[in-house]
Structure formats: structure tokens, C-alpha cells
Amino acid sequence: MMALMLRTEGLNAFYGNIRAITDVTIRVPKGKVVSIIGANGAGKSTLLKSISGLIQRKNGHVIYKDRDITNMSVNRIVKLGISQVPEGRQLFAHLTVEDNIRLGAYSYYNRRNRSVIQDRIDGVYGMFPILEKRCKQVSGTLSGGEQQMLAIARAFMARPDMILLDEPSMGIAPLVVREIFNVIVNLNQSGTTVLLVEQNAKAALKVAHYAYVLEGGRVVLEGLPKELLDNPKVKEVYLGG
Amino acid sequence: MTLKKLLIIVSVCLIGFGLCISCGKKVEKDAYKVGAVFSVTGRASFLGDPEKKTAEMAVEAINKAGGINGHPLDLIIYDDEGDATKCNLAVKKLINKDKVCALIGPSLSGLSLAVLPVAEKNEIPLVSCAASYKIVNNEETGKPYHWVFKTPQSDSMAVEAIYSHMKTHGINKIAIMSGTTGFGASGRAELLRLAPDHGMTIVADEKYGPKDTDMTVQLTKIKGKAPQAIVNWSIGPTQVVVVRNWKDLGMKNITFYQSHGFGSRENIKLAAGAAEGVLCPLGACNIAEQLAADHPQKAVTMKYLKDYKDKYNETLSSFGGHAWDSVHLVADALSAVGCDKAAIRDYIEITKGFVGQHGVFNFSPDDHNGLTKAAFNMVVVKEGDWALTD
Amino acid sequence: MEQISIAGQLFQYLITGITVGSIYAMVAIGFNIIYDVTDIINFAQGEFVMLGGLTMVLFHVSFQIPIIIAFILTVMGVTLIGILVDRLAIRPIRQPSVLTLIIATIAVSFVIRGAAMFFWGKNPFDLPAFSGRNPITFYGAVIQPQYFWVVGFLIVVVIVLSIFFDKTITGKAMKACADNADAARLVGINVNQMIMLSFALSAGVGAVAGIIITPISLMEYDRGAMLAVKGFGAVILGGLGSFPGAIIGGLILGIIESLVAGLISSGYKDAFALVVLLCVLFFKPSGILGNIEISKIKRF
Amino acid sequence: MEADKGILKISELVMAFGGLMALYKPDFVIRQGTITAVIGPNGAGKTTLFNVITGFLTPNEGTIHFRDQSIINLKPHEIAGLGISRTFQTVEIFENMTVLENVMLGFHTKLRSSFISSGFQLPLTRRKEKEIKSKAMDILKFIGLSGKWNEPADSLPLGEQKVLEIGRALASDPALICLDEPAAGLNETESHLASSLIMAIKEKGVTVVLVEHDMKVVMDISDEVLVLNYGQKIAYGTPEEIKNDPKVIEAYLGDDGAYA
Amino acid sequence: MMLRISKYSIFFFALIIILFPRIASNISAIEHYPDIMIFAGIYCLITIGLSLLMGYAGQISLGHGAFYGIGAYISAILTTRFGWNPWSCMVIGAVITSIVAFVVGAPSLKLKGHYLAMATLAFGVIVFIIFNEEIEWTGGPDGMTGISGLTLFGFPLNTVERYYYFVWGIVLAVFIFTVNIIQSGSGRALRAIHSSEAAAMAMGVDVSRYKIMVFTYSAALASVAGSLYAHYLNFVNPSSFDIFFSIKLLIMIALGGMHYIWGAIIGAVIITFLNYEWLHYFEELEILVYGAILLIVTIFLPQGLAGIPAIVKHWFRRTLSDGSR
């Protein structure tokens with residue numbers, strides 16, 4: 001059995017009185033990419049937000065490295081090594097690219113490790129040369145793809161053990177989507193565990209080691225990407241029966 | 001359940017309020033009740049605060065000395081906060097609920113004018129602590145209102161004192177500055193009204209708000225008009241700031257007159273040396289030490305000065321004395337005629353030679369103020385203290 | 001008799017206007033710091049200024065503490081009060097609508113004002129000018145040395161704040177909270193801490209404004225409200241959330257008031273300044289440097 | 001009624017937010033009396049399209065004709081007055097009113113009320129009010145909520161809130177009704193009910209345009225399907241055609257070569 | 001939740017209004033309360049309009065003290081300088097104020113949030129300065145005296161009791177009028193604007209027209225209140241109409257609960273009594289206590305006092321359902 005990075009047990013989450021996900025149980029093994037696919041409104045983003053702590057109203061369990069983080073605050077979860085790349089990027093739009101990146105390492109800031117952080121910034125620039133070119137630009141003026149890269153770069157600055165990606169391909173031109181998925185693969189190869197939520201099922205399945213299909217807030221299918229790709233049920237989930 | 005707790009607390013508070021209201025103030029049966037309304041807090045606290053303190057001190061002294069013919073004096077003081085509505089309600093409450101024999105206050109001219117019809121209608125003597133001559137002069141009849149008196153000198157007296165001082169010093173081209181408060185506006189109106197009578201030419205008429213930070217602009221404009229003197233009419237910090245700006249702008253060659261509102265030594269101190277040479281008209285109580293030993297007011301003013309300093313550890317302002325005068329005027333009437341509203345009124349109206357803090361009062365049916373312009377002495381700031389001038 | 005030229009007068013008006021405007025600007029900056037992080041307009045901002053002035057008087061004049069130490073102590077003290085305001089008044093509000101927060105900050109201003117009246121009484125207090133009271137004459141205009149301190153401190157505050165916001169990670173984190181609170185949480189920023197910090201900072205800036213203005217205009221317990229109104233005007237005129245806007249707004253208000261008082265009518269100077277403000281708003285609904293995007297979110 | 005007469009014609013429409021093209025020339029004609037579904041992946045511009053049609057957004061370029069009248073640059077309430085009604089993705093019922101009042105507000109375009117007339121409760125106002133009330137009750141019957149007419153709207157479960165929103169939109173007697181995700185967040189029974197309600201609306205002769213993610217609903221009820229991706233029209237046809245259109249499948253499931 | 005206002009509650013309200021002076025006159029501790037209630041009633045007129053503007057249409061105003069003042073000063077000037085009939089002054093005041101409100105409101109209501117707050121505040125300050133400066137007309141800071149009282153059908157309203165019934169009669173009428181608005185087409189539109197501006201627009205509600213309409217209506221009410229004030233006190237001065245009064249109105253609305261029309265009445269009455277009567281016992285600490293009470297209410301009752309029944313009901317319901325589980 002592979003070491004588990006994160007698992008959820010019967011997780012339910014609510015928006016007001018509306019239950020957005022129901023009894024979701026998933027496993028994310030260490031060092032792997034796990035994808036969660038499903039149509040719009042299936043509860044994929046809710047699942048990610050419940051893991052990262054942005055949604056507080058929930059029951060069930062989120063276990064990270066054998067530690068129950070269900071009711072922890074977001075900043076503590078971040079410090080434990082989970083970074084989220086939120087849906088719609090959520091950049092600090094009025095700040096520069098470099099400031100966005102720098103703030104990604106906020107939890108690690110102190111006087112002593114200034115050089116460490118500079119190293120990390122350089123590392124990130126190595127991964128995303130385009131961001132280095134734009135480092136003084138206000139992030140709100142970047143193109144969609146660049147913003148997505150910046151969002152990933154920001155999350156990566158915390159050197160997380162696990163990164164949660166929410167719809168990285170949304171609103172991005174197909175060519176750039178390819179680039180973004182390359183980055184995801186690179187991230188994973190450098191040792192980061194990835195939990196990916198995607199509507200773009202084919203792309204998501206291609207990079208994943210394992211995948212879950214969500215519909216109506218429940219896990220309706222799970223399996224190896226290859227099996228799911230050929231499963232007609234997947235198409236049904238998206239396009240109806 | 002915090003909410004439940006809260007509800008309990010709120011209801012306890014409300015019940016508490018109710019109890020407070022219902023218990024009211026315990027009064028011995030034979031006490032003489034007198035009501036007072038001062039602007040203790042709010043925009044006119046410079047008037048009401050010393051008035052309240054003085055009145056409380058005066059009543060305490062009277063009661064310590066055995067009260068009025070054995071009756072303790074119960075002074076019920078309400079704070080009107082400079083608010084017309086609150087003042088009106090307070091006066092009516094004193095009349096109808098507290099059933100007082102006479103009323104003292106309010107501190108502000110506007111509010112005195114506002115409640116004056118209430119006193120007239122309810123036939124109760126009211127001794128105002130505000131300056132405007134309109135309080136004791138019914139414009140329609142040209143006579144005083146029947147039930148209303150006032151102890152402060154009218155603004156016109158202060159203006160007359162200033163103008164005559166100017167005349168003797170050959171000044172006839174002046175600039176005026178005033179705060180946009182009731183105090184400033186009524187002083188300004190009197191300055192404008194009386195100027196032609198005294199041959200004064202007003203070359204500038206500038207204003208500033210009660211919370212303005214700097215009056216350099218207005219003074220610069222005046223400087224450009226080159227008057228011989230400036231008269232400033234305001235209260236509170238602005239009257240100090242204006243003096244400082246006057247000095248900073250190097251306008252010492254333009255004589256600076258302040259209103260009687262400047263009459264606290266604290267102001268000289270706050271002016272940080274800038275007040276040297278500033279002139280102002282002051283009542284006797286502000287210059288008690290300077291008065292000649294045989295001055296009729298020497299004794300009362302010195303005692304007041306000492307008692308006030310001992311009790312509150314504050315310097316006297318111009319205004320506390322008005323409350324002293326009012327309280328003692330009413331107390332004298334009470335001791336003579338008891339708690340009979342009409343009799344009190346009649347007694348005050350014929351009071352002569354009453355020695356108060358701001359002058360020797362001689363009331364008459366035609367004069368419900370009882371003072372002349374002699375009640376003001378022109379004073380100059382010299383070496384950080386008042387000095388009498390001619 | 002010494003005369004003053006028209007040019008000299010104009011110059012004097014301008015100088016006074018800049019000084020008074022600098023104070024408004026500083027109050028406006030205080031408004032902005034809190035607004036940026038929390039979307040709250042803190043109507044108790046003027047009370048911080050008042051507290052700054054009166055606390056300085058207490059330390060420097062009453063306790064005879066040397067001016068620099070007294071200055072630091074005062075700023076620290078008022079900063080602490082800013083933190084308390086956040087902790088005791090703002091954070092406990094469970095359903096913070098814009099109106100609730102406005103009322104809460106007004107309530108805070110009453111409490112502070114009431115406490116100040118209780119503690120200091122109603123009389124004004126003076127503070128010695130930092131470098132004496134010997135005015136400098138310059139092109140016919142007279143400049144009090146304290147004017148330089150006022151403008152100087154405005155510049156210092158602006159520089160310090162821009163360094164803080166542009167160069168330090170904490171400053172950037174505060175800006176990040178203002179920009180996108182959820183994202184700020186996701187990078188591990190404690191948003192509540194940043195809100196507290198914003199109250200602390202703006203109280204500190206308010207205190208500085210209070211300290212430097214007291215030698216010019218004295219200080220008493222109820223001056224805060226008027227300063228808050230002027231500062232609020234400045235911040236709206238410049239555009240909510242914009243620091244350069246706050247400074248421009250403050251200076252414009254100060255200069256208009258001064259010029260109108262000198263050239264048109266001293267009684268109507270405040271009204272004139274507000275008419276200008278209204279005209280600006282009618283043509284540019286988000287102030288001179290404001291951002292529509294920011295302003296359109298707020299409803300009552 | 002002519003079935004194939006175009007009630008809404010859209011051409012050359014461009015809507016850009018900053019650099020992002022939310023809509024880029026998705027030309028199409030909605031035929032009167034049909035149900036047209038607008039589908040597409042997240043961020044394809046569906047809701048933007050609704051906002052442009054109903055006047056909440058002013059497009060950068062292009063024309064929109066409703067019954068041969070240009071409705072560009074009209075304010076939302078004016079467009080509503082012309083007979084286009086809508087619902088919202090996030091349920092926007094008036095939670096501070098009762099169920100009945102919600103529907104009654106739908107009659108606003110038919111009601112010329114002023115403060116004076118309503119303040120004094122003039123006879124005409126009262127009569128009008130009564131009339132509207134009974135009409136609103138009819139609508140509640142139609143949507144199956146008449147039993148809950150006097151309940152506060154926010155006490156309804158989500159499914160009923162959505163239905164109520166549709167009822168409210170119907171009250172203004174629209175010729176065209178735009179439904180933004182009527183089935184989102186509903187369970188199976190509820191979404192089934194919503195489907196039959198939409199069919200019933202069509203029976204009444206009202207043209208329906210809906211944005212929907214629940215493909216079962218879309219495929220069941222729509223006559224026509226418009227597929228958007230990146231703000232552009234990529235397909236238009238019957239549900240069957242759409243289901244098997246490779247471009248649509250690619251848009252939804254992504255393209256194989258999305259990464260190297 | 002906006003509760004429907006039933007006929008019974010209005011009837012009950014009327015009953016309280018009628019009985020209050022009778023009860024008060026028999027209890028010596030509160031025998032002077034009807035006099036305070038007159039002012040509370042006058043403020044109620046303003047807060048009812050403001051509640052419609054703020055709680056229902058979602059717009060803030062920090063300038064209603066000015067409309068109140070314009071009404072009062074028009075009454076004062078026309079009766080004292082021109083000897084006009086007070087009733088016509090009241091009507092003229094309301095008409096002029098409505099025009100001013102329309103002229104000010106049309107551009108201002110395009111502003112949002114704090115910008116609108118500042119614009120209305122600026123308007124309030126400007127009007128205050130005019131009251132203060134135009135001494136020839138307004139008497140300046142000292143104000144104007146000698147404003148004639150009201151006479152109704154030859155029956156002078158010159159006692160507390162008469163004026164009480166007169167003012168509260170008007171309050172009741174305005175309240176019913178306003179409730180009628182709220183519970184009719186226009187009111188639905190306003191509530192719709194408050195709940196969701198977008199949905200209201202989509203249903204054909206002309207949002208900006210309604211905003212201006214409600215602004216003007218509330219200003220006219222304030223003007224009438226001003227006239228009532230001037231004719232009762234026979235005196236006006238500028239400081240009764242300054243921005244701090246506008247803020248006090250805001251406090252009344254918030255404390256009472258701005259989403260409830262009852263909140264306007266509760267807030268106005270409670271704040272009036274706190275200011276004019278109850279807090280008197282704290283003397284110099286009054287403002288501190290006032291601030292503290294206000295803060296406590298905002299923290300614990302963000303919906304205001306009128307929201308208590310809803311909270312109690314909610315709490316009651318929850319305990320019941322917990323118990324049954």
C-alpha cells in the first residue's frame with residue numbers, strides 16, 4: 001500500500017442550508033496526481049475548499065498525513081503544507097507579479113531566511129520564465145494563462161507537500177492549457193502531490209494517476225484514468241444520458 | 001446562550017432606568033426649590049460648566065450657613081447641551097414636575113430667547129445667564145418682559161466699553177473678527193450696530209468656525225486693509241489661536257481687542273506670551289485682585305475667587321460669576337418673600353444695590369438687567385496677568 | 001504702518017492652506033488605511049487625532065517627559081487604543097453590514113470623546129511648538145516654524161507608509177488582504193491580524209497628526225468630530241482607497257478653504273469647499289483618483 | 001402562431017471584459033415558441049449572454065433584435081417592459097417578501113403605481129391590487145405553490161425557490177423568458193418537476209431560453225441547443241445532433257492533445 | 001425577515017398612542033413624558049421616511065437634518081416675517097423641500113455607498129452654514145423666536161396634550177400611509193430593490209426612479225417634521241439641524257432596526273428618551289454611556305431592537321426542534 005498524503009472520510013459540506021457535497025471519500029497517495037472530474041455544479045470546487053479550510057460548515061473528516069485537519073483554520077492548513085490554487089486564480093490584482101509570488105511564501109517569512117526566499121523566487125522564475133519578464137507588472141493586467149501560471153507559482157512558493165488545483169484550464173485558450181498541464185506534470189515530478197479538479201476531463205485524466213468522477217455532490221465513479229476514459233458513463237455525466 | 005443573557009441585561013437596565021426615574025431626587029419638605037438650566041456639556045460648555053460649578057458652590061455655601069431663613073435651598077440643575085429642544089423640555093420639567101419657585105439660566109442667548117415665552121406663560125421668574133439685551137427687551141413694547149431678568153452685562157456694554165477705549169486712543173478704523181457661534185455672532189452684530197454711533201469705520205468683517213485650526217488667512221486679509229485695531233469676538237480655543245496668529249504675523253502695531261470671553265487667566269497662559277498687550281472688557285470678578293480695596297465688589301469677588309480656586313482648582317472664567325449673581329439674587333428674594341413666584345419677581349424688580357460678581361445691580365421695571373457699562377473695566381494683558389487700564 | 005502686497009497675501013493663503021490641508025490629508029490617510037483592509041470608514045478617526053494631541057500634552061507638559069520620548073509614548077498609546085477599538089468594538093460584530101459598522105465607529109467616537117472629557121475636562125490645552133514660535137518671513141508671508149513640522153511630518157508619514165506598504169512583507173500582506181481576503185488566507189495571511197494592524201497604524205497616524213497640530217490650534221476633547229468630517233471629505237474627494245488621492249484631497253480642501261476665506265468669504269469657506277467636493281463627485285463619482293470598481297461594491 | 005418566426009435575433013455580438021472576450025459573435029436566431037438551451041463549459045459566456053440580452057451589460061459591438069426592435073442600450077427595466085423576463089443563476093428571490101408577494105412583484109410592469117395612490121389606497125389601486133393578487137394566485141397554482149402563498153419566500157427549499165423565481169418571471173406575461181440554470185442544485189425529483197414546468201410554459205406559447213448544466217434536463221426538453229465555448233458559437237442544432245457533435249464533446253471533455 | 005404589518009398591530013399602536021398621556025398623567029414619575037413624546041413623534045416622522053430610504057431602498061443619507069431644517073426655517077421665516085398662515089407654510093415647506101431633495105437626489109443617488117454618504121453629508125453641512133450665515137433671514141446662530149403656534153379649526157394646539165395628539169395623529173397617519181406603500185406595488189418594488197437590485201430590474205422596476213421617489217418622500221416628511229417642530233417650540237436655531245442631528249437620525253434607524261418600519265418608531269422613541277431624559281442621571285458621563293449603549297446594541301443586535309422578536313422566535317424554534325430530536 002502506498003503512503004497516503006490525504007484522505008477524506010464521508011465528507012459533507014454546506015453552503016447555508018444547501019448541502020453541496022455528500023459523503024465524499026477520496027484517497028490521495030503521496031507523490032501522485034489525483035484528478036476529480038465532473039460537470040459544472042458537481043461539487044468539485046466545494047470539495048477542494050472544504051479540504052483547504054475555506055469552507056467551515058462541514059462534517060466528516062479530512063485527514064492529512066494522519067492528522068485530522070477538518071476544523072483547522074486556513075492559515076494553519078497552509079503552514080502544514082497544503083497550498084490551494086483557487087478557482088478563478090484569485091490573484092492580488094493590484095499588486096505586482098513579484099509581490100504576488102513573494103506573498104506565496106508569507107508563512108515562511110522571517111528575517112533569517114531572506115536568501116532562501118530569494119532562491120525560491122528564482123526557482124519559480126526558472127519554471128515560469130514569462131513571469132520573470134513581467135515581474136514588475138500589476139498582476140491584474142496579465143493574460144488569463146499568465147495569471148494561472150502566477151497563481152500556481154504563488155501556491156508553489158510555500159513549497160507545499162500537496163497542491164490543490166481548482167480548474168486551472170478555465171477560461172484559458174487551448175494552447176495555453178497545454179502549457180499549464182505541462183507545469184502540473186513538472187510540479188508532480190519534483191515531488192509535490194497534486195489534487196486536481198478539472199472540467200476538462202480528457203486533459204485531467206491524461207495527467208492523473210487516479211481519478212474520481214463527481215456528480216451531484218457524490219462520487220459516482222472512480223478508477224484508473226485509462227478505465228475512466230473509455231467508460232461511457234463519463235460522457236453521460238457531462239452530456240446527459 | 002449569550003442572547004438570553006443579553007435580553008436579561010437589557011431588561012435589567014430598562015427596569016433600572018425606570019427605578020431611577022421614579023425615585024427622582026429626595027427633597028426635604030421645607031426646602032426652597034430653584035431650577036437651573038445650563039449648557040454644562042456640548043457646544044457651549046465654556047459657559048455652562050463654570051456656571052454649574054459656581055452655582056453648586058454658592059448653594060452649598062448658603063446651605064452650610066443655615067439655608068434661607070432655615071429653609072435649605074435645593075437647586076435642581078439640568079444640562080441642556082446647547083440644544084434648544086432639550087432646554088425647552090428641561091424648563092418645562094422644572095416648572096411642571098419639579099415645581100420650582102424660580103428659574104436660573106439658560107446659558108445661551110438663543111436658548112434664553114427660546115424658553116422665555118415658557119416662563120412668561122407659566123408666570124415664573126427666570127433669571128437668565130445669557131448676554132443678549134433682547135432677553136430683557138421686548139422689541140414690540142420696548143419694555144422688559146414681565147417675568148424675565150438677566151445678570152450678565154449685555155454685549156452692547158462690552159462693545160461700548162471697547163469703543164470708548166478706542167476713542168480715547170484715537171482709533172476709528174477697525175477690523176472685526178468673530179466666531180460663527182452664537183457668542184461670536186451676537187458680538188459681531190453689536191459691533192456693527194454701534195459702530196456708526198462711535199464714529200468707527202469697519203474695514204474688514206471676518207469669520208471663522210468654532211473648530212478652525214488656523215486664522216492666519218483672515219488676519220492676513222485684515223493686514224492688507226491696514227486697520228488701527230482688531231476686535232475679536234469668539235470663545236474657546238479659537239480666541240487664543242487668533243491672538244497667536246496675530247503675533248506671528250507681526251501685527252503688534254494693530255491693537256488687539258478681545259471680547260469679555262477672553263476673561264480667564266488660562267487664556268493668557270495658552271496664548272504663550274502672544275497675549276501681551278491684548279485689551280478686553282472684564283467684569284469685576286475676573287480682576288478681583290486688581291480692584292481697589294475700597295471697591296464695593298472687592299470683598300465678594302475675592303471670596304468667590306478664593307472659594308472657586310479651593311474647590312475646583314481652576315482659574316475663573318468670565319462666565320461663572322453670572323451664575324453666582326443669579327443664584328444670590330434669587331436667594332435674596334427667597335429670603336425676603338419666600339417661595340412665591342410673583343413676589344420673587346416683584347422683589348427682584350425693585351432690588352437695588354445688589355453687589356454681585358459682575359457689578360452692582362440696580363433693577364427697575366424698565367431695566368431687568370440692572371447694570372451699566374461701568375460693569376465692564378478695560379483690562380490689558382501685562383506680564384502675563386491682567387492690569388487695569390484707564 | 002506696514003503693508004502687505006496682494007502677492008504676499010496670496011502666498012500666505014496658500015501656505016496656510018497647505019498646512020491645514022496637510023492635517024486633513026493625514027486624517028484622510030488614516031481613513032484609507034483602515035478602509036483598504038476592511039472596507040470600514042472609521043468615524044472615530046478624528047478621536048485618534050484628538051487623543052494624540054491630548055496624550056502628548058499629558059506626557060510632555062504635565063509629566064515633563066522629553067519631547068521625543070513623549071512623542072513615541074503617545075503614538076504607542078494611541079496605537080494601543082486603535083487595537084482596542086478593533087478588538088472590543090469592531091471584531092465582535094457578527095453581521096457586519098456597512099451601516100452597522102458606521103454606527104459602531106460612531107459609538108466608539110462617543111465613548112472615546114466621553115472618556116477624554118472625563119479625563120481631561122473641557123478646556124483646551126497647549127503644547128509648545130517643536131522649534132519655538134519665532135515666525136519666518138518669506139516673500140511677505142509669515143511662516144510659523146510649526147508649519148514646516150506639519151508638512152514635514154506629512155511627508156515623513158507618506159514615505160514611511162510607502163516603504164511599509166511597498167517594501168515589507170507585512171505591508172504587502174495588508175495590501176493583499178485589501179485586494180482579496182480569501183486569497184490572502186490561502187497564502188497563510190491571518191486576516192484578522194492585518195485588520196488589527198490597520199487599526200493600529202491608522203490610530204498611530206492619527207496620533208501624529210494630533211501631536212503636530214496641537215501647537216498650532218490647541219486641542220480639546222471635542223475637536224475630533226470636525227476633523228473626521230474634513231478628513232472624510234478629503235478621502236472621498238481624492239477617491240476612497242487611494243493614498244495619493246488622500247493627500248491630494250486633503251491639500252485641495254485646505255487650499256480651497258484658505259483661498260475662499262481670503263478672497264471671497266470667510267463665513268462660507270467650508271461651504272465652498274464642499275460645493276467643490278460635490279461638483280467633483282457629480283462628474284467623477286469615485287473621486288479624483290478613485291476606482292469605480294472599488295466603489296461599486298458598497299451598499300447599505 | 002408561426003413556429004419558426006424568429007423572436008430574438010442576435011448578430012455580430014462582442015462583449016469584452018478588459019482583454020477577455022466573453023462573447024465573440026455568437027450569431028443566432030431564437031424561434032418563437034421553442035425551448036432553446038444554451039450550453040457550454042464553465043466560462044463559455046452563457047450567463048454573459050443572458051446579461052447582454054436582458055440589458056444588464058451593454059455589448060461592445062453587435063445588435064440584438066427582439067420582435068424586430070433593437071434592444072441594445074435599453075435599461076433592464078425597459079427590456080423587461082418589452083416582454084423579456086429572466087431568472088438568475090444564484091436564486092434571486094426577494095427573501096424579504098412572501099411567496100405571493102414575490103409573484104405579485106412580477107406584475108410590476110403592468111402596474112402603474114405611485115406613492116400617492118398606494119399610500120392612500122385609492123379604490124383603483126385596491127382593485128388593481130386585488131386583480132393582481134388573483135392573477136398571482138393563478139400563477140402559483142400553475143407552478144404548484146399555491147399552498148404556500150403566505151409563507152416567507154426564504155423559508156422555501158431551494159427547489160421551490162427556483163420554481164417561484166420562474167413563476168415570478170412568468171407574471172410579467174413575457175414573450176420570451178430566459179432561465180439561468182433552473183435545475184442547478186436540485187435533486188432528481190425537483191429537477192424533473194422543473195422540466196415539466198418549463199414544458200408547460202412552452203405550452204402557454206412563451207418562448208424559453210435556458211442555460212443549464214444538467215444535461216438530462218437539456219436533452220429532455222429543448223427543441224434547439226446552442227453550444228458556446230470561449231464566447232463563440234461552436235454548434236447549434238437539435239439535442240441529438242449536439243450530443244454527437246465531436247466539437248461539443250471536445251469542448252466538454254477536453255481535447256486529447258491538451259498536454260504533451 | 002420583513003414581517004407583514006397587520007391591522008391589529010396598527011390598531012394596538014393607535015391604542016397605545018391614545019392611552020399613553022392618560023396613563024402618564026397618573027404616574028408622577030412620568031407625568032412629563034408626553035412632552036418628550038411630542039419630540040419623539042416629530043423625529044418618528046423623519047425616521048419613518050429614512051427607514052423607507054435606508055432599510056427598504058438601501059440608500060444612506062447623512063443630510064436629512066438639512067431637510068428637517070429647511071422645513072422648520074421656511075415655517076419660521078414665512079410666519080414671522082410675512083405673517084403667513086402656518087398651515088400654508090407647512091405645505092410650502094414640504095413642496096420646496098421636495099424640489100430641493102429632487103435636485104440634490106438626482107445626481108447624488110447615482111453615487112454609491114460611502115460616496116453617497118459624503119455627498120449627503122456635504123449637503124447637510126452646506127445647508128447648516130447657510131442657516132448660520134444668512135443672519136438677516138435666519139437670525140444666525142442665535143436662531144429665531146416668535147414663530148406662531150398652530151390652530152386647528154379654530155382650536156389652538158397650545159397644550160402638551162393637544163399637540164401630542166396632533167403630532168402622533170400625524171405620525172399614525174404617515175405610518176399607515178407608509179405601510180400602505182410598503183404593502184403595495186411601490187413598496188414591493190422598494191423591498192425588491194433592497195433584496196436584489198438585479199432581480200428588481202429584471203422584473204421591470206425602474207430602480208433609479210424609485211430611489212429618487214423615496215428620497216423625495218422622506219425629505220418631504222422631514223420637512224413637515226421641521227414645521228411641526230418650529231410651530232411647537234416657537235423657536236428655531238441652526239444647531240438643531242446640524243450634521244450631528246443627521247447622525248442621530250441614523251442612530252435611531254440603526255438602533256431601532258432599519259429593516260423594519262417599526263424600528264423607525266422604536267428607535268426614535270428610545271433615542272429621544274435616552275437623550276432627553278434617561279441619560280440625564282449620568283451627568284457628565286452621559287455621552288460615554290450613550291456610546292457604550294449604542295455599541296452594545298450594534299454588537300449584539302445588529303438587526304436593531306425591532307429585530308428582537310425575530311431572534312426570539314428563531315431561538316424558540318431552534319430550542320423546540322432541538323428538544324424534539
Side-chain angles (χ1 to χ4, degrees), chain D residues 50-51 54-56 75-88 90-98 100-122 125-126 128-129 132 150 152-155 165 168-169 171-172 174 177-178 180, chain E residues 1-4 6-7 48-49 52 55-58 98 173-210 212-218 220-221 258-261 303 310 313-314 317:
Chain D
F50 269 26
N51 284 338
T54 49
F56 283 82
K75 296 210 179 84
H77 69 267
E78 293 166 334
I79 292 175
L82 290 175
I84 300 182
S85 198
R86 72 170 291 182
T87 66
F88 292 85
T90 49
V91 196
E92 299 271 345
I93 53 150
F94 303 124
E95 74 278 356
N96 51 3
M97 300 189 204
T98 63
L100 180 70
E101 283 176 320
N102 262 276
V103 178
M104 283 170 82
L105 185 95
F107 286 96
H108 189 83
T109 51
K110 306 278 177 263
L111 188 74
R112 287 276 144 254
S113 76
S114 72
F115 276 23
I116 306 280
S117 60
S118 35
F120 284 121
Q121 292 281 292
L122 298 178
T125 319
R126 279 182 153 171
K128 200 91 199 211
E129 188 80 4
I132 285 174
N150 200 23
D154 64 349
S155 71
E165 207 187 0
R168 187 181 68 192
S172 60
I177 185 166
C178 302
D180 201 345
Chain E
M1 203 22 236
M2 199 103 29
L3 303 167
R4 239 192 117 78
S6 71
K7 288 206 173 79
I48 287 172
L52 208 58
Y56 286 78
S98 303
V174 165
F175 184 75
I176 293 173
F177 189 87
T178 308
V179 168
N180 281 342
I181 292 178
I182 293 171
Q183 296 183 168
S184 72
S186 316
R188 278 195 298 273
L190 287 177
R191 284 187 284 159
I193 292 171
H194 177 248
S195 171
S196 161
E197 226 169 90
M201 278 195 274
M203 293 297 110
V205 177
D206 186 344
V207 171
S208 51
R209 180 171 153 259
Y210 271 96
I212 293 175
M213 227 156 77
V214 73
F215 190 73
T216 310
Y217 174 67
S218 65
L221 282 183
M258 70 161 178
H259 300 312
Y260 306 85
I261 192 79
Q303 296 294 315
K313 212 158 132 192
H314 184 80
R317 210 179 271 165

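The shown structure was predicted, so the numbers you read here are calculated from the model rather than taken from an experiment. Reminder, nothing fancy here: chain letters follow the sequence lines and each chain counts from 1. Computed over heavy atoms, backbone and side chain alike; hydrogens, waters and symmetry mates excluded.
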*asked:* Taking side chain as everything from C-beta outward and backbone as N, CA, C, O, which of these in E:Ala198 sits under 4.5 Å from a heavy atom of chain D? Side chain, backbone, both or neither.
replied: both

*So how far is it from E:Ser184 OG to D:Lys128 NZ, rounded to the nearest 0.5 Å?*
13.0 Å

*For chain D, find which of E:Ala192, E:Ala173, E:Ala200 contributes the most heavy-atom pairs closer than 4.5 angstrom.*
E:Ala192

*Taking the side chain as every heavy atom from C-beta outward, state whether E:Val205 and D:His77 have any atom pair closer than 4.5 Å.*
no

_What's the separation between atom CG in E:Asn180 and atom CZ in D:Arg126, rounded to the nearest 0.5 Å?_
8.0 Å

*Please look at D:Arg168 and chain E and tell me whether the side chain, the backbone, both or neither of the residue comes under 4.5 angstrom of a heavy atom of that chain.*
both

*Does any heavy atom of chain E fall under 4.5 Å from the side chain of D:Ile93, the backbone, both, or neither of them?*
backbone

*Name the option with the most non-hydrogen atom pairs under 4.5 Å to chain D; the candidates are E:Ile181, E:Ile176, E:Thr178, E:Val174.*
E:Ile181

_Interface moiety of E:Val214 toward chain D, non-hydrogen atoms closer than 4.5 Å_ = both

*Identify the heavy atoms of E:Ala202 and D:Ala80 that sit nearest to each other, and give their distance.*
O-CB, 3.3 Å

*Rounded to the nearest 0.5 Å, what's the gap from OG on E:Ser195 to CG on D:Asp154? Could you check?*
9.0 Å

*asked:* Quick one: does any side-chain atom of D:Asn96 pair with a main-chain N or O of E:Arg191 as donor and acceptor, under 3.5 Å?
replied: yes

*Please round to the nearest 0.5 Å and tell me the distance separating atom CZ of E:Arg209 and atom NZ of D:Lys75.*
12.0 Å

*Hey, what do you get for CD (E:Glu197) to CD (D:Glu92), rounding to the nearest 0.5 Å?*
11.0 Å

_Could you check whether E:Arg188 pairs with D:Glu129 (Lys NZ or Arg NE/NH1/NH2 to Asp/Glu carboxylate O, under 4.0 Å)?_
yes

*Pairwise distance CE(E:Met203) to OG(D:Ser172) - rounded to 0.5 angstrom*: 5.5 Å

*Relative to each other, are the rings of E:Tyr210 and D:Phe115 parallel, tilted or perpendicular (30° and 60° limits)?*
tilted

*Can you tell which part of D:Phe56 gets under 4.5 Å to a heavy atom of chain E, answering side chain, backbone, both or neither?*
side chain

